[in-house]
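The structure appears below as structure tokens.
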Amino acid sequence: MTTLNGVPAAKKNTDVWKLVGLGVIALYALFLIFPLYTLLKQAVIVDGHFSLSAFRSFFSKKYYVDTIFNSLKVSISTTAVTLVVGIPLAYFYQMYEIRGKSVLQILIILCSMSAPFIGAYSWIVLLGRNGIISNVISRVFGIQVGSIYGFKGILLVLSLQLFPLVFLYLCGALKNIDNSLLEAAENMGCSKVKRLFTIVIPLCMPTIIAATLLVFMRAFADFGTPLLIGEGYQTFPVVIYNSYFAETGSDHTFGAAVSVIAILITGAIFLIQNYINNRHRFTMNALHSIERKQAHGVKNVLMNIYCWFVVLLSFMPQVYVIYSSFQKTSGKLFVEGYSLESYKFAFSHLKRAIPNTFVIGLAALLVVIVLAILIAYLVVRRRSATSRVIDTVSMIPYIIPGSVVGIALILAFNKGPIMLTGTAAIMIVALVIRRIPYTIRSSVAVLQQIPMSIEEASISLGASKLKTFFSITVPMMGNGIMSGAILSWVTIITELSTAIILYNLKTVTLTLAVYTYVSRGNYGIAPAYATILTVTTILSLLIYMKATGNKEVAL
């Protein structure tokens with residue numbers, strides 16, 4: 001056996017991976033478990049004694065309890081609408097030839113990757129009390145458009161922003177269905193509608209359940225949309241934020257208690273989803289992938305109309321944002337004519353916002369990629385009690401609202417020995433914690449498909465296990481890593497719920513700048529910053545497609 005300083009090489013490599021596993025656990029313990037413990041301690045320890053007074057205060061007031069039901073109503077309704085819209089869209093797109101399908105998918109991805117509160121702001125301008133579309137309908141048809149504010153507005157914004165997640169997940173699942181199953185059903189006289197409900201949807205059920213959880217969690221944790229368009233319709237994340245940052249005074253113990261309640265609710269939802277998913281779990285490998293067919297006649301027209309109507313409706317707010325960014329402004333109001341004044345202001349003021357977005361975002365993404373690769377390898381190739389703990393702990397941020405993560409980090413690191421509050425480091429830590437599950441899942445999925453025999457062949461030829469990992473395994477994981485990284489990157493640069501709790505003037509980002517100007521009613525500068533974010537998303541997507549050679553994106 002090859003030795004190094006008298007120690008077997010294989011043993012040294014094994015020890016290295018044990019150290020890596022222990023190092024990852026230590027990082028999670030410091031930056032996730034410890035902050036959550038601090039949050040729980042803040043919620044139940046009052047004046048040095050154990051107390052549940054904050055929880056009793058919450059449940060004794062109907063206003064606070066109603067916010068839970070409001071958030072659940074929003075999340076369940078949004079999830080239902082996204083499934084109703086997203087499943088047919090993915091089915092039509094993957095099974096039939098849709099005109100301009102490449103452009104269609106890019107638009108769908110852009111819809112999903114913009115910050116929800118930007119859509120809320122746009123719909124206020126379009127369908128608000130003095131909105132552009134509202135005024136046109138009122139003048140031409142004499143019809144008063146109903147209020148965009150409250151539950152209906154939140155549901156509209158979140159549904160149009162989150163249905164692409166269902167679409168992307170289901171497209172990936174449909175690619176794994178063997179076409180011979182559908183051909184056999186057709187030969188037995190099964191209609192296309194019956195095939196959809198008896199074959200396609202059951203085969204895609206694990207993916208549909210996963211997409212359902214993701215949409216539900218995103219809707220439940222969304223902070224900006226209810227704050228901008230909810231008016232009197234208060235949701236849970238808004239209560240959490242107000243508990244810590246209310247202008248009339250904050251109650252950190254109460255805020256911590258509300259945060260713990262949020263974790264318990266989302267944790268329960270996750271366990272229910274996991275139970276249902278385990279009952280429907282199976283694997284699929286398509287030997288003969290589905291080939292798109294050309295529909296004819298009325299059916300073809302209706303499918304194209306449906307796909308393009310849904311996508312253009314959801315993309316309309318972004319079109320308006322881009323358009324309004326070139327309008328002239330006088331103070332906070334638009335005036336006649338067009339100019340680049342908003343962009344000049346955007347690049348000359350808040351000079352930190354644009355660099356911070358990329359410096360903080362890229363730093364977080366680099367850490368996400370490195371940790372995700374190591375964690376995926378430990379989970380798939382180095383199965384042990386340590387790797388199982390890592391796999392479980394790594395999914396905790398998936399079910400915790402961003403505002404709760406931000407508050408927990410502030411409580412844990414607002415004093416020595418590790419003082420991070422107010423620094424860029426705490427924002428990087430928060431973004432890594434929040435977004436690493438995406439890249440871990442995609443990396444694990446692709447690593448499971450790489451035969452172990454390839455690594456064994458490399459080792460048998462004399463390469464060390466670490467060299468095999470970096471020179472063979474990591475390159476082969478490239479597509480999976482890139483898929484998770486692009487989703488992590490776009491969600492990083494559009495993150496609001498965590499960032500708004502952790503930032504200061506030195507660490508403001510583009511998303512925070514957009515939110516600040518929107519909340520102040522400055523509708524000239526906000527679209528300029530939002531357009532820069534949209535362009536960044538488009539460029540990121542194009543770079544991803546170029547780097548991977550994929551013309552389509554599926555999760």
Side-chain angles (χ1 to χ4, degrees), residues 24 27-28 30-36 39 112-118 214 217-218 221-224 237 241 259 352-375 393-414 418 420-443 481-515 529 533 536-537 540 544:
V24 170
L27 288 174
Y28 271 118
L30 177 61
F31 293 114
L32 180 61
I33 304 303
F34 173 63
L36 292 178
L39 181 72
S112 71
M113 292 183 174
S114 65
F117 74 89
I118 294 177
L214 181 57
M217 292 300 181
R218 290 277 291 270
D222 186 64
F223 163 80
Y241 178 81
S259 300
R352 292 191 180 98
I354 297 174
N356 281 346
T357 300
F358 291 95
V359 172
I360 293 174
L362 288 172
L365 183 65
L366 180 61
V367 176
V368 164
I369 291 174
V370 172
L371 286 178
I373 292 172
L374 296 176
I375 291 172
V393 173
S394 68
M395 290 305 294
I396 292 177
Y398 189 77
I399 63 172
I400 299 179
S403 54
V404 174
V405 172
I407 290 168
L409 289 173
I410 287 178
L411 292 175
F413 301 114
N414 63 354
I418 304 177
L420 297 179
T421 302
T423 67
I426 197 170
M427 293 190 70
I428 293 172
V429 169
L431 291 171
V432 170
I433 289 172
R434 290 266 290 145
R435 301 310 174 191
I436 197 172
Y438 298 118
T439 309
I440 290 175
R441 290 301 104 194
S442 62
S443 299
I481 295 168
M482 287 290 290
S483 296
I486 188 65
L487 182 57
S488 296
W489 165 248
V490 177
T491 52
I492 282 172
I493 63 175
T494 57
E495 173 68 25
L496 177 68
S497 58
T498 304
I500 199 170
I501 290 172
L502 298 174
Y503 89 105
N504 58 28
L505 292 177
K506 293 182 179 180
T507 57
V508 67
T509 62
L510 272 173
T511 305
L512 290 165
V514 175
Y515 179 80
Y529 280 115
L533 271 177
T536 302
T537 303
S540 302
Y544 163 78

query = So, for P35 and L30, which heavy atoms are closest and what is the spacing to 0.1 Å?
reply = CD-O, 3.2 Å

inquiry  = Could you work out, with side-chain contact (heavy atoms from CB on, under 4.5 Å) as the rule, every residue matching A430, not counting sequence neighbours?
reply    = L409, T498, L502

task = Mind checking side-chain contact (heavy atoms from CB on, under 4.5 Å) for S497 and listing every partner two or more places apart, or none if nothing turns up?
result = F223, R434, E495

message = By the salt bridge (Lys or Arg N to Asp or Glu O under 4.0 Å) test, which pairs, at least two apart or in different chains, include something from residues 353-367?
response = none

query = Can you name the ring-ring contact (aromatic ring centres under 6.0 Å, His included) partners of F31, sequence neighbours left out?
reply = F413

query = Taking L420 as the fixed residue, which of I426, I410, I428 is the one that meets the side-chain contact (heavy atoms from CB on, under 4.5 Å) rule?
reply = I426

message = Run the side-chain hydrogen bond (donor to acceptor under 3.5 Å, both in side chains) test against T536 and tell me which residues pass, sequence neighbours left out.
response = none

remark   = CG (L374) and CD1 (I369) are apart, to the nearest 0.5 Å, by 12.0 Å

ask   = At what distance, to the nearest 0.5 angstrom, does CE of M427 lie from CD1 of I492?
value = 11.0 Å

ask   = Which heavy atom of L32 sits nearest a heavy atom of I433, and at what distance?
value = CD1-CG2, 4.0 Å

inquiry  = Before you tell me yes or no, could you show the steps for I436 and Y28 under side chain to side chain contact (heavy atoms under 4.5 Å, CB included), namely the whole-Å CA-CA distance, both residues' side-chain angles and the distance that decides it to 0.1 Å?
reply    = CA-CA 12 Å; I436 197 172; Y28 271 118; 3.7 Å; yes

message = Restricting to non-hydrogen atoms, name the atom on A372 and the atom on T439 that form the minimum distance, rounded to 0.1 Å.
response = CB-CG2, 3.5 Å

request  = Supply the atom-to-atom distance T421 OG1 to I501 CD1, rounded to the nearest 0.5 angstrom.
outcome  = 12.0 Å

task = Tell me, please, which residues at least two apart from N414 pass side-chain hydrogen bond (donor to acceptor under 3.5 Å, both in side chains).
result = none

key: Closest non-hydrogen atom pair, S259 against I407   = OG-CD1, 4.0 Å

ask   = Quick one: CD1 on I375 to CG on L371, what's the gap to the nearest 0.5 Å?
value = 5.5 Å

Could you tabulate the donor-acceptor pairs under 3.5 Å formed by side-chain atoms of residues 353-366, not counting sequence neighbours?
residue : atom : partner : partner atom : Å
N356    : ND2  : R352    : O            : 3.1
N356    : ND2  : K506    : O            : 2.9
N356    : ND2  : V508    : O            : 3.0
T357    : OG1  : A353    : O            : 2.7
T357    : OG1  : L510    : N            : 2.8

request  = Can you see which heavy atom on S394 is nearest to which on P437, and at what distance?
outcome  = O-CG, 3.5 Å

request  = Would you check, one step at a time, whether the test side chain to side chain contact (heavy atoms under 4.5 Å, CB included) holds for T423 with T507?
outcome  = CA-CA 7 Å; T423 67; T507 57; over 6 Å; no

